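Have a look at the structure below, then the notes.
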Amino acid sequence: MPLDTQCQVIVDATNAAGVPFETQDYPEIRKGYEASTDFFSHPTPTLDSVANLMFAGPETNLPVRLYRPRREGNEALRTLVFYHGGGWV
């Protein structure tokens, strides 16, 4: 079964950075992955605060992080909710 197209893009970019996923040197794999994702880095606004909180889940508390950007006066704040469904296991 072929790898999902979006996942293949990440694998190809990491391989192009010089550290193929097949290597067993995990710190080097991480460096290659970080180098391949520089494209997604962007400047962020000045933050008023970052808070690590807990959210009551159905079975256990879930950790959440709240980033509150600095705003001018009564300027409305935008909201983005990012759900992380897992990782490379």
Side-chain angles (χ1 to χ4, degrees):
M1 179 166 99
L3 190 60
D4 177 84
T5 307
Q6 291 176 333
C7 291
Q8 188 64 54
V9 169
I10 294 170
V11 171
D12 292 344
T14 302
N15 288 341
V19 182
F21 271 101
E22 294 80 24
T23 184
Q24 293 300 308
D25 187 353
Y26 296 104
E28 288 301 312
I29 292 172
R30 179 166 284 169
K31 286 180 190 175
Y33 176 77
E34 289 171 354
S36 71
T37 58
D38 280 344
F39 172 79
F40 301 107
S41 297
H42 57 278
T44 57
T46 303
L47 299 175
D48 271 344
S49 64
V50 178
N52 293 314
L53 307 169
M54 298 301 281
F55 179 80
E59 296 180 19
T60 185
N61 288 335
L62 304 169
V64 297
R65 183 169 291 149
L66 174 65
Y67 296 92
R68 186 174 298 275
R70 184 163 299 165
R71 65 182 187 157
E72 301 294 328
N74 291 328
E75 175 188 14
L77 295 175
R78 298 176 184 169
T79 300
L80 170 69
V81 178
F82 177 75
Y83 297 96
H84 187 280
W88 298 86
V89 180

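Residue numbers run from 1 in the order of the sequence given. None of the values given here were measured: they were computed from a predicted structure.
- Grouping the Ile, Leu, Val, Met, Phe, Trp and Tyr side chains by contacts below 4.5 angstrom, directly or via other members, places F55 with L66.
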Self-check item: Test side-chain contact (heavy atoms from CB on, under 4.5 Å) applied to M54 and L62, step by step
Solution: CA-CA 5 Å; M54 298 301 281; L62 304 169; over 6 Å; no
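- Residues L77 and R68 are in side-chain contact: their nearest non-hydrogen atoms beyond the backbone lie under 4.5 Å apart.
- A distance of 8.5 Å separates CD in E72 from CZ in R70, rounded to the nearest 0.5 Å.
- Heavy atoms of other residues, nucleotides or ligands lying less than 6.0 angstrom from CD of Q6 number 12 at most.
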Quiz item: Can R71 and D48 be said to form a side-chain contact (heavy atoms from CB on, under 4.5 Å), step by step?
Solution: CA-CA 8 Å; R71 65 182 187 157; D48 271 344; 5.5 Å; no
